[in-house]
2 protein chains.
Amino acid sequence: MANSQTELAVLAVLSIRPTTGYAIRELVHERLSAFWSESFGQIYPALARLREAGLIEVTPGERTGSALHSLTDAGREHLLDMLSEPPVAARPRNGVLLRLFFGDLLGPRACAALVQAAKERSERQLADLAAARAEVEAERAADPADATRTRYWLLTIAAGEHAARAAIAWADEALAELADLEAGENR
Amino acid sequence: MANSQTELAVLAVLSIRPTTGYAIRELVHERLSAFWSESFGQIYPALARLREAGLIEVTPGERTGSALHSLTDAGREHLLDMLSEPPVAARPRNGVLLRLFFGDLLGPRACAALVQAAKERSERQLADLAAARAEVEAERAADPADATRTRYWLLTIAAGEHAARAAIAWADEALAELADLEAGENR
DNA sequence: ACTTACATGTAACGAGTTACATGATTGC
DNA sequence: GCAATCATGTAACTCGTTACATGTAAGT
């Protein structure tokens, strides 16, 4: 118990500061969405299990009555243990590439539309990451005590940027090749 | 029914040529592993459902008695319908980036080890893709009738190569930054 | 007063993995 | 004859999503 990926993520978020379940999901959505996701349906049961296991404790918030979850000493230790375990590889499932592999069934036009849509998603991703980068840098300027933490955050943003730029470069190549395939068909 | 991602993949593989469940999994492992995965526990139930729905039919193999699954007309049509639906986005879950985001908990040395390991995985991936590329090109030379199909296959290989190279470039940047963080700690 | 955001939970379902059980075929 | 590979399937389990149900707090 207290072993899942969700529990790892929840403990990690609580290491920043005690918060509500709702705010955990907020942070995951706003800061980690490029490489992580959680739903309420996972977070609340995870919080219950973690509390059960003595890894977190709950105190009612000062002004609001909402439940603030914070790490216990055991929780902090368990978090370090989990972080030290090798990351579990996500099972790959890329619907765009699956369709492209069987591309002669759909034909070059439909494939080009898929690739174009993927390219646009990556461009949006890149813009989002630029905004996130600006936010994090502003935060660093505002609170220099967080400087170390924000350097790690920027590493994850850079990873997203590299990936998005690669996806865009590939998409351009693929669109050229697909145009060529279509020209060949109509010859 | 006959709606899952697995069923799509199974139908798509059967569009190449009729085969056994075992061989479907082989092909997914050898050709699609960079962007797709299936397990026996999914494939056989999926085949049963597809047969039930009249989308595939089973004939005993000529020499071996093993079950050869082939698309029916309805199956071919359903496959085209499924391919035309927008791809479902995979939920992101990158354990390396999660650990890096909370990198000050692990410290720069442990983070560097994670990044280094990720880099090596990408390098292996790149080598595998180069091998796959050679194989596909050999196949194209051997059977020119497959030329169109292999061009689509090469598109998916190129996608993997772009992604892997981006991951390696990022890893090098990240390792430099982590070395700097470590130097800062020991100052 | 009303709407929007904050907040907590549960239940039903779907998807996928792993481990197990079983047996045929083929190469040595 | 024996090992490895090919082949098929099931059952238990884990993980995660979605939809639902419910209520509070804050802004306008």
Side-chain angles (χ1 to χ4, degrees), chain A residues 1-10 13-14 18-30 32-33 35-52 56 58-70 82 85 87-95 98, chain B residues 1-10 13-14 18-30 32-33 35-52 56 58-69 82 87-95 98:
Chain A
M1 72 200 63
N3 238 353
S4 74
Q5 300 275 293
T6 294
E7 281 156 15
L8 168 57
V10 165
V13 169
L14 291 180
T19 32
T20 65
Y22 189 90
I24 291 172
R25 141 96 176 199
E26 290 274 82
L27 190 141
V28 171
H29 254 192
E30 297 193 349
L32 316 185
S33 64
F35 56 86
W36 202 264
S37 81
E38 293 295 348
S39 66
F40 286 131
Q42 279 289 109
I43 288 175
Y44 284 110
L47 285 170
R49 288 195 299 274
L50 291 168
R51 197 179 46 199
E52 188 77 13
I56 62 178
V58 184
T59 53
E62 304 270 307
R63 21 201 81 232
T64 74
S66 54
L68 290 184
H69 302 81
S70 52
M82 293 190 81
E85 272 166 35
V88 314
R91 186 174 63 352
R93 278 254 155 148
N94 186 324
L98 181 75
Chain B
M1 71 199 63
N3 238 352
S4 74
Q5 298 277 292
T6 294
E7 281 156 16
L8 168 57
V10 165
V13 169
L14 291 180
T19 31
T20 65
Y22 189 89
I24 292 171
R25 142 95 177 203
E26 291 273 81
L27 189 141
V28 171
H29 254 194
E30 297 192 351
L32 316 184
S33 64
F35 56 86
W36 202 265
S37 81
E38 292 295 349
S39 67
F40 286 130
Q42 278 290 109
I43 288 176
Y44 285 110
L47 285 171
R49 288 194 301 273
L50 291 168
R51 199 180 43 199
E52 188 76 15
I56 62 178
V58 185
T59 53
E62 305 269 309
R63 22 200 81 235
T64 73
S66 54
L68 290 185
H69 302 80
M82 292 190 82
V88 314
R91 184 180 63 340
R93 278 255 156 149
N94 186 323
L98 181 75

Peer 1: Might you point out which heavy atoms bring A:Y44 and A:Y22 nearest each other, and give the distance in Å?
Peer 2: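 That would be OH-N, 3.4 Å.
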Peer 1: In this structure, how many angstroms lie between the P atom of D:dG16 and the CD atom of A:E38, rounded?
Peer 2: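 A:E38 atom CD is separated from D:dG16 atom P by 7 Å.
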Peer 1: Has B:R93 got a side-chain atom pairing as donor or acceptor with A:S37's backbone, closer than 3.5 angstrom?
Peer 2: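 Indeed, once roles are kept as given, a pair shorter than 3.5 Å links the two residues.
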Peer 1: To the nearest 10°, let me know how far the axis at one end of the helix from C:dA1-D:dT28 to C:dC28-D:dG1 is tilted from the axis at the other, five pairs an end.
Peer 2: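 Rounded value for the end-axis angle: 20°.
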Peer 1: Phosphate oxygens OP1/OP2 of D:dG16: is one of them under 4.0 Å from a side-chain N or O of A:S39?
Peer 2: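 For A:S39, the contact criterion (side-chain N or O under 4.0 Å from OP1 or OP2 of D:dG16) is not met.
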Peer 1: Donor-acceptor pair, A:H69 side chain versus A:T19 backbone, under 3.5 Å?
Peer 2: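 Checking the backbone N and O of A:T19 against the side chain of A:H69, a donor-acceptor pair under 3.5 Å is found.
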Peer 1: Report the nucleotide, chosen from D:dA7, D:dC15, C:dT17, that has the shortest atom-to-atom distance to any side-chain atom of B:S37.
Peer 2: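 Shortest atom-to-atom distance from the side chain points to C:dT17.
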Peer 1: Go through the structure and list residues passing side chain to side chain contact (heavy atoms under 4.5 Å, CB included) with B:P18, not counting sequence neighbours.
Peer 2: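 Scan of B:P18 (side chain to side chain contact (heavy atoms under 4.5 Å, CB included), adjacent residues dropped) gives B:S70.
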Peer 1: Looking only at heavy atoms, which two atoms of A:R49 and A:S4 are closest? And how far apart?
Peer 2: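 For A:R49 versus A:S4, the nearest heavy atoms are NH2-OG, 4.2 Å.
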Peer 1: Is there a side chain to side chain contact (heavy atoms under 4.5 Å, CB included) between B:L68 and B:V58? Walk through the geometry before answering.
Peer 2: CA-CA 6 Å; B:L68 290 185; B:V58 185; over 6 Å; no
Peer 1: Does a side-chain N or O from A:T6 land closer than 4.0 Å to OP1 or OP2 of D:dG16, or not?
Peer 2: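 It does, given that an N or O in the side chain of A:T6 lies less than 4.0 Å from OP1 or OP2 of D:dG16.
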Peer 1: Find the distance A:H29:NE2 to C:dC6:P and express it as a whole number of Å.
Peer 2: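 Whole-Å distance recorded here is 13 Å.
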Peer 1: Check whether any side-chain heavy atom of A:E38 sits under 4.5 Å from a side-chain heavy atom of A:T6, and report yes or no.
Peer 2: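 Yes, side chains in contact.
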Peer 1: Tabulate protein N/O versus nucleotide N/O from nucleotides 9-14 of chain D, keeping only pairs under 3.5 Å, one per line.
Peer 2:
none

Peer 1: Rounding to an integer number of Å, can you tell me how far B:Q5 CD sits from D:dG16 P?
Peer 2: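 Nearest whole value for this atom pair: 17 Å.
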Peer 1: D:dT8 P sits how many Å from B:I56 CD1, rounded?
Peer 2: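 Distance check: B:I56 CD1 to D:dT8 P gives 11 Å.
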Peer 1: Does the pair B:V10 and B:V28 meet the rule for a side chain to side chain contact (heavy atoms under 4.5 Å, CB included), with working shown?
Peer 2: CA-CA 9 Å; B:V10 165; B:V28 171; over 6 Å; no
Peer 1: In this structure, how many angstroms lie between the P atom of C:dA19 and the CD atom of B:Q42, rounded?
Peer 2: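 So the CD-P distance, B:Q42 to C:dA19, works out to 16 Å.
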Peer 1: Quick check on contacts: within residues 18-26 of chain B, what sits under 4.0 Å from DNA chain C by heavy-atom distance?
Peer 2: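 Heavy-atom cutoff 4.0 Å gives no residues at all.
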Peer 1: List in chain and number order the residues that pass side-chain hydrogen bond (donor to acceptor under 3.5 Å, both in side chains) with B:R25, two or more places apart in sequence or in another chain; answer none if no residue qualifies.
Peer 2: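 If we apply the side-chain hydrogen bond (donor to acceptor under 3.5 Å, both in side chains) test to B:R25, skipping adjacent residues, there are no hits.
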Peer 1: Could you walk me through whether A:W36 and B:R91 pass the side chain to side chain contact (heavy atoms under 4.5 Å, CB included) check?
Peer 2: CA-CA 7 Å; A:W36 202 264; B:R91 184 180 63 340; over 6 Å; no
Peer 1: Nearest whole Å is fine: how far is C:dA15 P from B:R91 CZ?
Peer 2: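 Rounded to the whole Å, the gap is 14 Å.
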Peer 1: Report the residues that fulfil side-chain hydrogen bond (donor to acceptor under 3.5 Å, both in side chains) with B:S66, sequence neighbours left out, ordered by chain and then residue number.
Peer 2: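 For B:S66, the residues satisfying side-chain hydrogen bond (donor to acceptor under 3.5 Å, both in side chains) (neighbours in sequence not counted) are B:T64.
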Peer 1: The side chain of A:R93 is closest to which nucleotide in this list: C:dG16, C:dT17, D:dG16?
Peer 2: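 Among the listed nucleotides, the one closest to the side chain of A:R93 is C:dG16.
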